[in-house]
Visitor: 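Before we start, here is the structure in question, set down as structure tokens.
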Amino acid sequence: MRNRIIRLIAFATAAFCLLSQFAAFAVSPDIIYVDSNTEFAVQTAKIIGEYDCQAENPSENSRIIGRALNSDFDFCSYGAEKGVIGKDGRFFLQFKNENSAQKCLDALNSDPDIAYAEPDGVISVSSDEAESSGGNLSWGVEAIGADKYSEHLSKSETDRSVTVAVIDSGIASIDYLKGRIVDGYDFVDNDADPSGDTSTDSHGTFIASIIADCTKDAPIYIMPVRILSSKTALISNAVNGIYYAVDNGAQVLNLSFGGTLSGSNCKSLDEALAYADSKNVSVVVSAGNEGIDTKGYCPAHNISAITVTSVYENLSFANGYSNFGNEVDLCAPGMNIVGYSASGATKKMGGTSMAAGFISASAALFRLDHPECNTLQTQEALKKSCSDLGDEGFDIYYGYGIPQLDRFITDETVYAEGISISESNVSLIAGETKALTAEVIPADTSNKAVKWTSSNPDAVTVSESGVLTAVDEGSSVITAESVDGGYTAQAEITVIGHSAPPCVVSIRVVSPPDKKVYIYKSGDEIKLDGLELEAVYSDGSKKAVTPVQGITVSGFSTSSVGEKPVTVEYGGCTASFNITVEYAWWQWIIRILLLGFLWY
């Protein structure tokens, strides 16, 4: 009987464990791990498409996007039905309903291993449709001098080109854009054909036609990235579209969309824009058409992007319509703009979406002319070319004004004939930095831009401005190459080892203990409450030291009352301060009684 009971218990235990494992397997989410941003975007779009087709009440709030501080974070216990995890820690989680998503969101945002987590949301395009028109293309091309600049660039012999990604509603295959469109992606239908612009106003096609109108025969190409269905898009698709465009060769991004999203819904978009900036991709965003401050509008609030407001034909601000704010950089033609619809017919539209299209074309033309310039230099150049409108200098409506691209045209070009470098042999200690300079010859060369490269980045790296950083022992050849003519000069760099870490050379007492110390029994230690030290290191740096570890105290005696010198030691250095020793209250009583007894 006893053996039978034991066998039954063992069987029940095994069955329970088996059922537990099966149950865990049954609810385990379908998590996909990917190695590239493009695959992340494609898998995310696939899940959104499948879920929204199957769910009774699909909601963007049943999805969470964010980034973990490491790609090994375990999402299996958070109740997601499906998910995508990128190698950089970015994640997308799909839940059955909003309640499950909200529970997970609260848990993730309280986890120190999560950089941020936010619900997916909806953004919209920044344009309104005006009356149809069969007239010529836009007045804005001449207003910004794009006609003259593009004509000038089309005559130059170059094998360079620039690609502008229009992250929007797709771009229709119309005759006007023939030969200007490169491969893109459709994140709404999750396929490689973004030509299905089914938006009610042909938004993406219209923006593309503005860019084509501004750039004419210059080698500027347009990448269609479809994220919008009608006039709205999921934030997750917008973020994935940005990563896709950056990783697939776009040098300029046109983002004519936005929304009054809370800060918790903007982190993923802001991070995507930071990624674009880190890859030297210029981002142009529309300010928005709500007539509100851009500080509450995303992504127009992003300071790394070029934020654009809208003006009429007389260059007056689209008051009560265009957004405004301290984040505004430029203004551009945006009202009564003529462009092409998805049907191939011309029409008129107005909004900051159109204004962004003109600035995207401007950034593309400038980067074609100046491939050596980064995103910040491109933005600053466009600002300097502006005709000032409104208040003198910067203002919150026009930014720095409207660009005048014909100011970039120069008739007298002095070509490079060589290049020199400031030092040809340099020795560094690992961790040390040093700036090299390169001079393009002759001194009045029109294009003085220089590209820097290192033959061995494991030993020495070099920045865009020629700053060397010694990484580890070894050697490297640093090459400075002139953008004009491809002339080179080289320097041999030797890294001889690591420098010794800085050591403490002196300490001083910033503040002694803040309490008086009474007499203690033999062997008691001094209280260090309130003691503050400052350590000075061999490299000149200073650091506050709290009296916790590494500090020793000597020279203190409680054998008598009065001022007592105390010596503290830290890092082999000493400093002193005085402390007052007094009798305890009960010691005073004993002394008084003893004195009375002796007197008696």
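The residues of the chain are indexed from 1 along the displayed sequence.
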Visitor: Should the pair D193-R226 be classified as a salt bridge under the 4.0 Å nitrogen-to-oxygen rule?
Guide: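 Salt bridge: no.
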Visitor: For F187, check ring pair (Phe, Tyr, Trp, His ring centres under 6.0 Å) against everything at least two apart and list the hits.
Guide: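 Partners of F187 under the ring pair (Phe, Tyr, Trp, His ring centres under 6.0 Å) test: Y185, Y244.
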Visitor: Looking at residues at least two apart in the chain, or sitting in another chain, which of them share a side chain to side chain donor-acceptor pair (under 3.5 Å) with N323?
Guide: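 Checked N323 against side chain to side chain donor-acceptor pair (under 3.5 Å); zero matches.
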Visitor: List the residues meeting side-chain contact (heavy atoms from CB on, under 4.5 Å) with A381, not counting sequence neighbours, and say none if there are none.
Guide: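 If we apply the side-chain contact (heavy atoms from CB on, under 4.5 Å) test to A381, skipping adjacent residues, the hits are F366, F408.
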Visitor: With sequence neighbours excluded, what pairs up with S282 under the side chain to side chain donor-acceptor pair (under 3.5 Å) test?
Guide: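 For S282 the side chain to side chain donor-acceptor pair (under 3.5 Å) partners, ignoring immediate neighbours, are R367.
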Visitor: Sequence neighbours left out, what passes side-chain contact (heavy atoms from CB on, under 4.5 Å) with F394? Give chain and number order.
Guide: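 With sequence neighbours excluded, F394 shows a side-chain contact (heavy atoms from CB on, under 4.5 Å) to N326, I396, Y400, given in chain and number order.
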Visitor: Do any pairs count as a salt bridge (Lys or Arg N to Asp or Glu O under 4.0 Å) and have a residue in residues 66-76, sequence neighbours left out, and if so which ones?
Guide: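 Pairs touching residues 66-76 that pass the test: R67-E271.
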Visitor: Does A470 have any side-chain contact (heavy atoms from CB on, under 4.5 Å) partners at least two apart in sequence or in another chain, and if so, which?
Guide: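 A470 satisfies side-chain contact (heavy atoms from CB on, under 4.5 Å) with L428, V495 once adjacent residues are dropped.
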Visitor: By side-chain contact (heavy atoms from CB on, under 4.5 Å), which residues pair with A361, not counting sequence neighbours?
Guide: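 Counting only residues at least two positions away or on another chain, A361 forms a side-chain contact (heavy atoms from CB on, under 4.5 Å) with I211, C214, T215.
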Visitor: Go through the structure and list residues passing salt bridge (charged side-chain N to carboxylate O under 4.0 Å, His left out) with D183, not counting sequence neighbours.
Guide: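 Partners of D183 by the salt bridge (charged side-chain N to carboxylate O under 4.0 Å, His left out) criterion come out as none, since no residue qualifies.
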Visitor: With K434, which residues qualify under side chain to side chain donor-acceptor pair (under 3.5 Å), at least two apart?
Guide: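 If we apply the side chain to side chain donor-acceptor pair (under 3.5 Å) test to K434, skipping adjacent residues, the hits are E423.
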Visitor: For D293, enumerate each residue passing the side chain to side chain donor-acceptor pair (under 3.5 Å) test, keeping only those at least two apart in sequence or located in another chain.
Guide: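 With neighbours one apart ignored, the set is empty.
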Visitor: Taking ring pair (Phe, Tyr, Trp, His ring centres under 6.0 Å) as the test, write out the residues that go with Y397, two or more places apart.
Guide: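 Once residues adjacent in sequence are excluded, the partners of Y397 under the ring pair (Phe, Tyr, Trp, His ring centres under 6.0 Å) criterion are F317, F324.
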